[in-house]
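A quick write-up on the structure given underneath.
Quick caveat, the model's predicted, so the values are computed rather than measured. Note: hydrogens, waters and symmetry copies are ignored here, and every other heavy atom, side chains too, is used. The chains referred to below are lettered A, B, ... by the order of the sequence lines, with proteins before strands, and numbering in each begins at 1.
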Protein chains: 2
Amino acid sequence: MAARPKASRSVRPAKTRGRRRRNGAGAPDRREAILAAALDEFSGRGFAAARLDDVAKRAGVAKGTIYLYFPDKEALFQDLVRSVIGPLIERFEASAEVDLPARLVAERIVDMFVREIYGTRRKDVIRLIIAEGPRFPEIAEFYYREVISRVVAAVRGLLRRAAERGEIPAEALARFPQLLVAPGLVAIVWNGLFDRFEPLDVAALMRAHLDLLFGERRPG
Amino acid sequence: MAARPKASRSVRPAKTRGRRRRNGAGAPDRREAILAAALDEFSGRGFAAARLDDVAKRAGVAKGTIYLYFPDKEALFQDLVRSVIGPLIERFEASAEVDLPARLVAERIVDMFVREIYGTRRKDVIRLIIAEGPRFPEIAEFYYREVISRVVAAVRGLLRRAAERGEIPAEALARFPQLLVAPGLVAIVWNGLFDRFEPLDVAALMRAHLDLLFGERRPG
DNA sequence: AGGTATACTGACTGACCAGTCAGTCACCAT
DNA sequence: ATGGTGACTGACTGGTCAGTCAGTATACCT
């Protein structure tokens, strides 16, 4: 673990078409099972402290099997992040492109965040990225390229259009789209650290945030 | 590392009064040196992956010496967090209690954040807490009790006073003081993950945030 | 000088774990 | 049947590292 050369990327073994099911009827997708188990173990103990023996046990698989699907522990981690985060971005961009009043679009995005990230295991993946990213440049880069830069761009577009229509108080927001998503990040971090001391009502938090940005919500 | 009983707390060995200096004139405070080295190693590699051999080497000390000052690796981590974060809170509370216009107080707090946290190694400690906290309930609890709850209370007081004077747009903020500090957290996370792709001007970010909360800054 | 106390050292131990690989077994094709 | 294929297994290896402790060095006695 001192200085890895590394390069390869994980590949599924030959063909994983329905064939070769061993036990019961349902296709036992090893790859999915391993990824799910890895998410549990990594987010529970952190990358370094997680044991592949435990991942295997949780996935109902022998340790060697993991190495049929992923070249090593680090690649497993990377594929985990990719597989969980990847699919969400396009949907997000679509949401941000709709040409409706900014407040409405923002509300939809917030809903989506609460439902698809905060309400799922995806928030654990984001927490993992925050925690482990600094030590895994490839993860950080993937995440920046595939997620952050696209989110920032989409939000910027949304806000610029809103500013042109005079819907929004400041163009400062368009310079720092981070300000729009900041509470979401805080919620995720809070959830991981302090929820047992003082639970946080995310939906209310996000609503309050929108009120601050766009002014109080009018009842009508 | 599978299930630690643990209980003890670190104690300095007998008396560390000036006595017993070994080399040169200046008192070679082993404890400080070890804590400083631990901060480097922990924040660079994460708690689990950091090696106490490296901490010792960096501190210019043998590994055994660490165990004269700290009962084990975990206690070293806890003392590190305490020693770095602890001293700052009182100063923060003092800043928040001043009875001046809220905007002014907020600006001072932001300055303090940028200078004393973002501009120092303390931001690395906060990153460590975010990353490792979920796995170290004692750390999370200490941090909640000694920092978060006090910051939240102080900010709430500040905002309530401001709201009574009608200086502030929404009482939503007083319900969610998290919204006030969210950008600071985002800045720290961004700094650790994405600064090499897209550096973030923290001072400008925080200024923009204040403008959003209090309305544009009037030149006068 | 000898004696005692104690800060410090670093080689060592025991446990742990990523990654390996010879072997097993279900499922084919002939 | 018989042999071939390849997914899967899990005992094993080699390296790593937290924590230990017998020993050394230094200071301060008397």
Side-chain angles (χ1 to χ4, degrees), chain A residues 1-6 8 10-25 27-34 37-38 41-42 45-78, chain B residues 1-8 10-25 27-34 37-38 41-42 45-78 136:
Chain A
M1 184 125 331
R4 292 155 271 90
K6 295 268 304 59
S8 61
S10 73
V11 184
R12 59 191 61 206
K15 293 287 153 56
T16 315
R17 288 180 269 118
R19 298 218 284 117
R20 195 52 237 267
R21 70 202 46 181
R22 193 193 193 73
N23 40 11
D29 192 332
R30 269 36 177 155
R31 199 163 194 281
E32 290 306 313
I34 293 167
E41 293 295 327
F42 286 160
R45 319 178 63 96
F47 176 80
R51 279 163 297 201
L52 289 193
D53 276 308
D54 291 345
V55 173
K57 199 172 297 175
R58 190 185 282 268
V61 142
K63 179 148 65 135
T65 304
I66 294 174
Y67 289 88
L68 297 175
Y69 293 87
F70 307 92
D72 58 22
K73 193 184 183 187
E74 196 174 323
L76 170 59
F77 179 44
Q78 289 188 17
Chain B
M1 184 135 314
R4 292 157 268 89
K6 294 269 303 57
S8 61
S10 73
V11 184
R12 60 190 61 205
K15 295 284 153 58
T16 314
R17 289 181 267 116
R19 300 217 282 116
R20 194 53 238 265
R21 68 201 47 179
R22 191 194 193 74
N23 40 14
D29 192 334
R30 272 29 179 159
R31 200 161 193 283
E32 290 307 313
I34 293 167
E41 294 295 328
F42 285 160
R45 320 178 61 96
F47 175 80
R51 278 163 298 202
L52 290 192
D53 276 309
D54 292 344
V55 173
K57 199 173 297 176
R58 190 184 284 269
V61 140
K63 180 149 66 132
T65 304
I66 295 174
Y67 289 88
L68 296 176
Y69 293 88
F70 308 92
D72 59 21
K73 193 185 182 187
E74 196 173 323
L76 170 60
F77 179 43
Q78 290 187 17
F136 294 94

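For B/R30, a side-chain nitrogen or oxygen approaches OP1 or OP2 of C/dC8 to under 4.0 Å. Note on A/Y67: every side-chain N or O is 4.0 Å or more away from OP1 and OP2 of D/dC8.
Atom CG in B/D72 sits about 18 Å away from atom P in D/dC17, given to the nearest Å. One atom, CG of A/D53, and another, C1' of D/dT9, lie 13 Å apart when rounded to the nearest Å. At whole-Å resolution of the value, CZ in B/F42 and C1' in D/dA18 are 11 Å apart. Rounded to a whole Å, the CG atom of B/L68 is 12 Å from the P atom of D/dT20. In this entry the distance linking NZ of A/K63 with C1' of D/dT13 reads 11 Å, nearest Å. Whole-Å rounding puts the B/F70 CZ to D/dG19 P distance at 13 Å. Following rounding to the nearest Å, A/Y69 (OH) and D/dA7 (P) show an atom-to-atom distance of 8 Å. Regarding B/I66, its CD1 atom lies at a distance of 15 Å from the C1' atom of C/dA7, rounded to whole Å.
Contact annotation: the side chain of B/R51 never approaches that of B/K57 to less than 4.5 Å [non-hydrogen atoms, C-beta and beyond].
Closest to the side chain of B/A62, out of C/dA18, D/dT9, C/dT9, is C/dT9.
With hydrogens and angles ignored, no donor-acceptor pair under 3.5 angstrom links the side chain of B/K73 to the base of D/dG19.
The side chain to side chain contact (heavy atoms under 4.5 Å, CB included) test with A/L76 singles out one residue from A/F42, A/F47, A/Y69, and that residue is A/F42.
Where A/G64 and A/L52 each meet DNA chain C at their nearest nucleotide, the meeting point lying more 5' is that of A/L52.
Note: B/Q78 CD to B/F136 CZ = 8.0 Å, rounded to the nearest 0.5 Å.
For the ring-ring contact (aromatic ring centres under 6.0 Å, His included) test, no residue two or more places apart in sequence or in another chain qualifies with B/Y67.
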